[in-house]
Structures are given as C-alpha cells and as structure tokens.
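I have placed the structure first, in the form of structure tokens, so that the comments after it can refer back to it.
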Amino acid sequence: TVSSASDDTVHIRFSTWHPPASREVKTVWEPMLEEMKKRSNGRITYTLYAGGALGKGPEHFDIVKNGLSDMGYFTASWTPGRFPKSDVLSLATSVDSKATAATIGKEMYEKELKDEFEGVKVMELNGCIQAFIWTRQPVKSLEDLKSLKIRTPGGHQTNYIKALGAEPVFMPLGDVYLALETGTIDGLVTCSPLVLAFKLHEVVKYGVKATFGCVTEGVVANQKFWDKVPDDLKAIIEDVASNPYEATGGLDHKVYGEMISEIESKGVTLYELPAEESARWSERFQDETRKWVKDLEAEGKGAKEAVVMYNQIVGKEGITCTAFPAEWHE
Amino acid sequence: MDPVTIGILGTVGLFVLLAIGMPIAFALMFVGFMGITTLASMDAAMPVVASTMYEVSSFFPYTVIPLFIVMGAFAGSSGLTKDLYSAFEKWLRKLPGGLGIATICACAGFSAVSGSSVATAAAMGTVALPEMERYKYHPRLATGSVAAGGTLGFLIPPSIGFVVYGMLTEQSIGKLLVAGVIPGLLLALAFITIIIVTVKMNPSLAPRRDEEVTWKDRFSALLGVWEPMLLFIIVIGGIYLGFFTPTEAGAIGATVLFGVALIKKKLRWVDLLEALTESTRISVMVLFLVAGANVFSYFLALSTIPMQVANWASSLTVSPYLIHFAILFIYLILGCFLDAISMMVLTMPVIYPVITTLGFDPIWFGVIAVLMMEAGLITPPMGLNIFTVAGVSKNVKVETIFRGVMPFLLAIIVVAVILTFIPSLALTLPKMMMR
Amino acid sequence: MSLYLKIRGLVQLVTKRLAQIGMFVVMPMMFLTFADVTGRALWDRPVSGSLELSSYMLAVFVLLGVAYTHQVRGHVRVEMLLQLLPKRMQAFLDVVTTALSMFIIAILAIEGFKAGISETAVSDMLRVPQWPFKSLVAVAGLMLFLELLFDFFENVARLVRRW
Ligand code: NA
Ligand code: NA
C-alpha cells in the first residue's frame with residue numbers, strides 16, 4: 001500500500017479541510033511536512049490533501065481514525081457532543097499566537113482530556129484563537145446584535161451568540177460566503193486567517209474585536225500508522241507536530257497583527273469594544289461557563305476542575321480567560 | 001503497484017461495470033471501496049460508504065432538491081405549468097424547437113436564483129419534460145435541453161463553482177460571480193442556437209404546428225399565466241431583496257403553491273401522494289449518486305492521478321495557448337470521472353500557478369474553469385445532470401440523454417474557445433466594479 | 001414458491017411503507033422553513049435550530065426512500081451495451097452486477113449500524129442526538145440489501161432457465 005511505513009521510510013498522507021491556498025496550508029502544514037522531510041534526510045515523504053479532498057470538514061477526525069489519511073487536522077467542535085470536555089479549550093480567552101494555544105492545549109490534554117481521544121495518537125490540541133464577530137451591519141453593542149442570524153463555529157460560541165441576543169446558525173465555512181451574500185445570515189464568528197481564506201472580507205464589512213474564543217482543533221495521527229513508524233522517525237514527527245506553529249513560525253503573534261491590517265485594508269471596519277460594553281459581554285460569557293459546567297457535571301463529568309485548571313494554565317502564559325466566572329477565583 | 005496504476009485500473013473497472021449495466025451509484029461505491037481498500041486499508045475503506053451516505057443525506061443545502069421537485073409537482077397539478085407552456089407555445093410556435101428554447105430561458109432564469117446545477121436540472125425537469133412530451137418533442141431534444149440548460153446554474157451567479165474557485169485561488173469571489181454573467185448569457189444563446197440548428201436539420205425532433213395564432217390569443221394566453229409569473233416574482237424578488245435564500249426559496253414556493261392548490265381545490269390526495277413519491281424517487285436517486293461520486297473521488301484523490309496530471313501540464317514547455325488548451329482538455333477528461341468540486345480542489349493548486357506564470361488573467365480563467373466544470377456535468381460516464389434528468393424523466397434511457405446533450409457539449413467548448421480569444425467578454429463587468 | 005412470494009411481498013410492502021413515512025417529512029420541512037423565513041422577515045423572530053432540524057428531516061426523507069427507489073428501478077444504469085448481448089449473457093451479467101451491488105450494500109448496512117450505535121454527537125443548537133438518524137443508514141442498507149437479494153434469486157432463476 002502507499003502509506004505503509006516500511007523499515008526505514010515513512011510516507012504520510014496528511015489531510016485537512018483548510019483550502020489549499022490558505023495561510024494554514026501555506027505557512028503551517030506544508031512547511032511542517034517539509035521540515036519532517038528535511039530533518040529525516042528524505043526518509044519521511046508526504047502527500048498533502050487540503051480543501052477536504054478526502055471528506056467534509058466534520059469528518060476529519062474519523063478520516064484519520066479510520067485510516068483514510070495517516071495524519072490530519074480536525075475540528076472537535078464540529079461534532080458537538082463527541083468531545084464534550086475538550087470544549088474547555090474554546091472558552092473565550094485572549095490568546096494571540098497559535099504556538100501559545102498549542103502549548104496550553106498540550107498541557108490540558110496531558111492532564112485532563114486524554115480519555116476523549118482513544119484510538120488515535122494526538123499530536124497537538126489547540127483552541128482556535130482570535131475569533132471575532134464579523135457582520136454586514138455595524139455592531140457596537142448588545143442591542144445591535146438582537147436577532148441577527150450569526151453563523152457559529154459550534155461549541156461554546158453557539159451559546160455565546162445566543163447569550164448576546166443573536167440567533168446562532170451552524171454551517172460549514174464553505175457555505176458561508178453565499179449565505180452572507182444572499183442574506184441568509186447577517187454575520188459570523190471566526191478567526192482572521194479563515195476570513196481571508198474564505199474571502200469573507202468581501203461580504204462582511206464590520207468586525208468587533210472582542211475575544212470570542214473559538215473551536216477546539218488539533219493534529220491527530222492514525223494509531224496503526226503510528227505504531228509502524230520507526231522510533232527515530234517517531235521522534236522527528238512528534239517533535240515537529242507537537243507544536244507545528246512553533247516549528248514553522250506560522251500563525252504567530254506578528255502574523256495575526258498583519259492579517260488584521262490586511263482585512264482592514266480590504267475595507268472591513270474593526271471596532272474595539274469600550275471597557276464597559278466589553279464587561280457586559282464577558283458577564284454573559286461567564287454565565288455560559290457556569291451553565292456548561294453544570295450541564296456536564298449533571299452527566300457526571302467533572303468539568304469545573306477542567307475550567308479551573310485551564311484558567312491556571314493560561315494564567316501561566318500571562319493570559320486571562322474572559323469567560324472564567326469571577327467567583328471561582330479564590 | 002503504484003497508486004496511479006491502481007487509479008487507472010479502478011477507472012477501467014468502473015467503465016466495465018457501467019457497461020454491463022450495474023446501477024451507476026452502486027458501481028461508483030463498489031469501485032471506490034475496492035480502490036480505497038487497496039490504496040489505504042480495509043479499515044479505512046469499510047466506514048467510508050456509510051459515513052458519506054449520511055453526510056450527503058443530511059447536508060442542508062440539498063434540501064433544495066426535494067423542495068423544488070415538490071414545488072414543480074404542485075405547479076403541475078394545479079395546472080400552472082400547463083398554462084405557462086401553452087402560452088410559450090403560442091408565442092414561440094414559429095421558432096424551430098420553440099419550447100426547447102423556452103426551457104433554456106427558464107433554466108437561465110432559475111440559474112439566477114440557484115447555485116446548484118443539479119437542483120436546476122431536477123426542478124426544471126419536473127416542470128418542462130412533461131410539457132415537451134405533451135407537444136411531442138423527441139425525448140433526445142427534450143432531455144438534452146434540460147440537462148444542458150441545468151448546467152447554466154454554475155455559470156450564472158449565484159454559483160458554488162465560483163465560490164470554490166475563488167477560495168482555491170485567492171481571487172475575489174464577488175468579481176468572479178459578476179464575470180460569469182455575460183458568458184452565462186452567451187452560453188444560453190449558444191444553447192438556443194444549437195436547438196434551432198438541430199431542429200432545422202431534423203424537423204422531426206420538434207413537431208411544428210402551422211395554424212396561425214392571433215395576437216389576441218397570444219396576449220390572452222399571457223394574461224392566463226399571471227399566477228406562475230407572480231410566483232416567479234415572489235421567489236426571485238424575495239431572494240434579491242434578501243428575504244430568503246435560494247435554498248429556502250424551494251420551501252417558500254412549495255408552501256405558497258400548496259396553499260394555492262388547496263384554495264383552488266385542485267390538489268387531490270392522489271396528486272399529493274404522486275408529488276411526494278416523485279420527489280422521493282428523484283432526490284434519493286440523485287443523492288445516492290452524489291454519495292457514490294464522493295466515494296469514488298476519495299479513491300481518485302488517493303490515487304494522486306488528478307495531481308499528477310496537473311503536474312504534467314504544468315511542466316509542458318510549449319506556447320501558452322497550447323498549455324491552456326492542454327489544461328482545458330485535461331478538465332474535459334477529468335470531468336468525465338470526477339464531480340466538479342473535487343476536480344477543482346485536487347488540480348487547482350498545481351494548475352493555478354501555471355496560469356498566473358503564463359500571464360493569463362485569473363478571473364478570466366475562473367470563468368473558463370467553471371465552464372469546464374459545467375461540461376463535466378454532461379459528459380459520460382459520470383454526468384450528474386444527465387442522471388438527474390434520467391431520473392426525472394423515468395422512461396428515457398441514460399444513453400438517449402447522452403446523445404441528446406452532445407450538441408450542447410459542443411456549445412460549451414465553442415464558448416470556451418470564444419472566451420479564450422475574447423477575454424473581455426468575461427472581464428468587462430468585473431473591471432467596472434469598484435472593489 | 002408461494003412462501004417465497006409471500007416473503008417478498010411482505011418485504012416490498014415494508015420498503016414501500018418506510019418510503020411513504022419518509023416522503024411525508026417533506027411537508028414539515030416545507031412549513032418549517034416557511035415559518036422560519038416569514039418569522040425572520042416579518043417579526044424578527046426566526047425559528048431556532050430550523051436549519052439543523054431540516055438536515056435531520058432530509059436524512060429521514062432520503063434514507064427511508066433508498067430501498068423504495070430501487071424497487072421502482074429508480075437508480076439509473078446504462079443498458080445500451082447490455083441489450084446488444086444474447087439473452088443468456090444478459091442474465092449472467094445481471095447476476096454478477098447484482099452480487100457486486102449486494103456486497104457493497106451489505107457493507108453500507110453493517111457500517112451504518114456500527115456508526116449509528118456508536119454515535120455520541122448531538123446537533124449544535126437543540127442538542128438533538130444524531131444516532132437515531134445515523135442509524136437510518138443501516139435501515140436503508142438492510143432494506144436495499146433485501147430488495148437486491150430478491151433480484152438476485154430472480155436473476156439466477158432466469159439464468160438457469162436460459163442455460
Ligand atoms: Na446560478
Ligand atoms: Na462528466
């Protein structure tokens with residue numbers, strides 16, 4: 001077969017739903033795979049399947065788990081209910097580099113989330129960062145959001161959108177452009193690289209720079225594939241893929257700043273919430289955290305420890321979790 | 001064995017199975033499954049068919065298919081389409097293949113609200129085919145014009161084809177959509193020309209009635225179709241004013257017509273049952289095929305054939321126009337086996353840099369690429385529009401429709417060539433846009 | 001023989017009834033979207049989760065109709081070359097293609113069942129479990145398999161008669 005790892009070489013079929021021309025593919029996935037190839041002196045080779053060539057977005061975890069690809073990027077929040085506790089990584093938090101997000105995700109995975117990913121080798125987990133709300137009409141306060149239809153990436157963001165008074169609609173990113181153009185939805189929540197990748201700056205003209213948190217995602221490898229990889233190559237793959245953003249320098253703090261400028265230069269007006277309004281939003285986010293923890297605990301899943309631990313871990317990076325309930329600070 | 005060889009063997013296998021009469025959807029799933037088993041593993045292949053089947057049958061945008069079919073059926077049982085086609089017939093009696101022309105125009109109109117070719121073919125087929133049959137049009141002409149007319153859904157905005165191209169190439173989707181307007185109308189015109197020419201050459205395809213129609217009759221016929229016109233205005237107007245989307249329009253139209261039919265007491269229980277049964281049969285057939293096509297395209301992706309072919313084209317060192325035509329040819333061939341979107345996703349990352357290096361305009365090439373996606377919808381053996389029309393028309397054979405669309409395929413190629421030499425046809429409107 | 005006919009009649013009736021249940025789902029699908037759109041346009045009050053409910057309804061509609069569509073020979077195929085062949089050869093090829101179809105549809109049914117019982121995902125807004133809908137893949141596969149099985153028997157009988 002094409003992908004079997006023989007004694008001394010490995011061919012990796014890597015799958016992602018990111019469009020082939022996106023920043024994720026160009027500045028992270030391709031360089032990541034190239035880096036593995038380089039460090040292994042060509043013993044690692046790869047085929048990259050971008051743009052969902054092996055299946056639709058939500059299928060990506062199963063694509064890897066079942067072995068249609070050997071390794072790939074998946075979005076946990078797109079299959080609501082399947083990775084309930086991992087949603088903790090998508091709480092509203094203002095992280096500004098993917099490398100940091102992956103560091104946080106790694107620690108949470110080791111300590112708290114392992115049991116949700118049986119049957120695959122988890123390389124890295126991260127919360128998608130810097131997701132904002134983008135709209136066709138200007139939004140400056142909760143009142144402006146009332147009954148707007150907003151595309152949600154799933155997970156906490158669905159509840160946040162609802163809590164802010166808007167109507168969440170769950171749909172794959174690929175359908176968002178036409179939906180916005182024709183007015184089925186009035187806006188969406190997503191991060192800036194995806195606004196650019198899906199050309200959404202052509203159809204949304206306003207953005208609110210309020211930390212929204214976003215989906216939980218990560219890189220996983222097929223277990224059978226992983227078991228066959230020779231040990232020395234395992235070390236290389238793990239070293240590079242356990243924090244691909246750090247290894248490639250893609251999607252770091254600086255890049256996010258550049259992307260925001262690029263979006264602005266393409267005619268999108270960004271609005272920064274004043275402190276008072278921002279506090280109103282955070283309060284509603286915190287309410288959702290309380291509800292979420294209560295719901296999970298009712299199912300016998302200890303969610304409060306996970307949230308507290310998450311808050312500690314992001315605190316170590318000097319970051320605050322906006323959605324962390326005020327009274328839970330000791 | 002290397003993946004490319006396996007991919008070729010699989011494709012040949014698919015041909016054989018189709019030739020010996022295996023239902024197309026089952027054959028696609030079977031070959032896709034065998035291919036994935038060989039190229040990845042049995043574990044990987046086992047769940048693919050079931051998961052793809054669920055993914056396709058729960059994909060919200062596909063609700064348009066049953067809804068538009070039901071809408072068409074309600075329009076049929078309340079007599080609206082009959083009135084509409086009678087009016088068309090009175091006005092177009094003197095034109096060779098007049099109702100075929102009317103169908104192309106209706107398809108173009110429908111394409112202006114629907115982003116999907118298959119939905120256009122399914123909806124228009126439900127409306128137009130029984131009417132053309134009533135006027136004794138040859139099934140080849142009738143089904144051919146619906147299948148080809150349906151492809152206009154891709155070129156005339158809104159179009160999912162342009163959205164995908166824009167994403168893959170970092171081009172403005174807004175500009176692309178606008179760029180599709182003139183070529184779309186040009187293609188509609190080319191289709192009409194094809195109908196006139198084929199009917200002139202073979203008048204038995206579309207029998208003509210020679211009795212004179214008075215102008216009074218013509219206008220009173222026009223008055224008789226105010227209801228479908230009103231519905232058309234509600235549906236199209238609602239979409240343009242942003243009240244609802246093309247996807248939702250089917251539900252609006254169907255509900256309105258259901259109400260109309262109930263009020264006029266024209267909807268009998270048997271009609272309702274018939275409408276729903278039709279909608280099940282056609283939608284299931286189409287979506288089962290889509291699922292099969294997806295499974296097969298995962299297999300072809302694993303075989304790396306599309307990428308390799310694109311690589312080959314990009315390494316050619318001949319004149320830019322020869323490379324351009326080589327790319328068109330590749331798309332024509334790949335379109336025979338792959339669905340439009342997979343074809344773009346798999347090849348564009350390689351093809352697109354070649355196009356820009358050669359100095360071609362990316363918006364212009366987008367229009368050409370979407371034209372080639374359209375061609376793929378009506379080329380054998382995997383022509384989704386053909387199968388859709390075959391499903392709608394029940395007693396017309398797939399091969400009859402393939403024969404029927406051949407002249408229209410020629411029209412698509414001619415339009416692609418015209419666009420190659422007169423790029424301004426595609427580029428004038430987007431250049432006028434300020435953004 | 002009459003027992004066989006009885007069983008076949010029963011299975012085909014089940015197939016048909018399932019499809020009829022499924023097809024009526026189009027009506028709520030229509031009305032729900034209509035309510036959502038008018039609610040949004042007139043009162044600024046869309047129907048929560050109408051999109052995900054529509055997706056589920058589409059799944060019911062399609063999956064319950066899969067076997068019936070085969071029963072009425074709705075799954076298109078190319079017959080041109082087949083008709084050029086001698087009758088005996090046709091019967092033989094029908095046996096082959098039906099067997100291959102049964103093979104792939106059996107996989108669809110089994111994997112649909114496995115995917116259905118192990119599914120823990122819910123819909124995003126209304127938290128409606130996905131497993132009942134995913135399990136319909138198994139129902140679709142099973143009924144389609146049975147329809148194909150009867151085809152297979154009849155094709156074999158036709159082949160034996162021609163031999
Ligand atoms: Na269109
Ligand atoms: Na084709």
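Atom set for the values below is all heavy atoms of this structure, side chains included, hydrogens, waters and symmetry mates excluded. Nothing here was measured: the structure is a model prediction, and the numbers come from that model. Numbered from 1 within each chain, the chains take letters A, B, ... in sequence-line order.
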What are the two closest non-hydrogen atoms of [X] and [Y], and how far apart are they?
{"X": "B/A251", "Y": "C/M30", "result": "CB-O, 3.7 Å"}
{"X": "B/G21", "Y": "C/T97", "result": "C-CG2, 4.4 Å"}
{"X": "C/H75", "Y": "B/V284", "result": "CE1-CG1, 4.2 Å"}
{"X": "B/F26", "Y": "C/I104", "result": "O-CG2, 4.1 Å"}
{"X": "C/L82", "Y": "B/I20", "result": "CD1-O, 3.4 Å"}
{"X": "B/R281", "Y": "C/T69", "result": "O-CG2, 3.7 Å"}

Checklist entry - Relative to chain C, which segment of B/M34 carries a heavy atom at a distance below 4.5 Å: side chain, backbone, both, or neither? => result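 Only the side chain of B/M34 comes within 4.5 Å of chain C.
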Item to check | chain B interface, residue from C/L100, C/V26, C/V60 that has the most non-hydrogen pairs under 4.5 Å | outcome: C/L100
Part of [X] lying under 4.5 Å from any heavy atom of chain B:
{"X": "C/E52", "answer": "neither"}
{"X": "C/M89", "answer": "neither"}
{"X": "C/L85", "answer": "neither"}
{"X": "C/F34", "answer": "both"}

Checklist entry - How about residues 136-148 of chain C versus chain B: which residues have heavy atoms under 4.5 Å apart? => result C/V137, C/L144, C/L148
Gap between atom [atom2] of [Y] and atom [atom1] of [X] - 0.5 Å precision:
{"X": "C/T33", "Y": "B/L67", "atom1": "OG1", "atom2": "CG", "answer": "6.5 Å"}
{"X": "C/M23", "Y": "B/E278", "atom1": "CE", "atom2": "CD", "answer": "10.0 Å"}
{"X": "B/S57", "Y": "C/K134", "atom1": "OG", "atom2": "NZ", "answer": "10.0 Å"}
{"X": "B/L18", "Y": "C/R77", "atom1": "CG", "atom2": "CZ", "answer": "11.5 Å"}
{"X": "B/M29", "Y": "C/L108", "atom1": "CE", "atom2": "CG", "answer": "6.5 Å"}
{"X": "B/T280", "Y": "C/L64", "atom1": "OG1", "atom2": "CG", "answer": "9.5 Å"}

Item to check | Evaluation steps, side chain to side chain contact (heavy atoms under 4.5 Å, CB included), between B/S58 and C/L58 | outcome: CA-CA 6 Å; B/S58 62; C/L58 183 69; 6.0 Å; no
Next on the checklist: Checking B/Y54 against C/F133 for the ring pair (Phe, Tyr, Trp, His ring centres under 6.0 Å) test, could you report, in this order, the C-alpha distance in whole Å, the side-chain angles of both residues, the deciding distance, and whether it holds?
Outcome noted: CA-CA 8 Å; B/Y54 182 73; C/F133 302 94; 7.9 Å; no
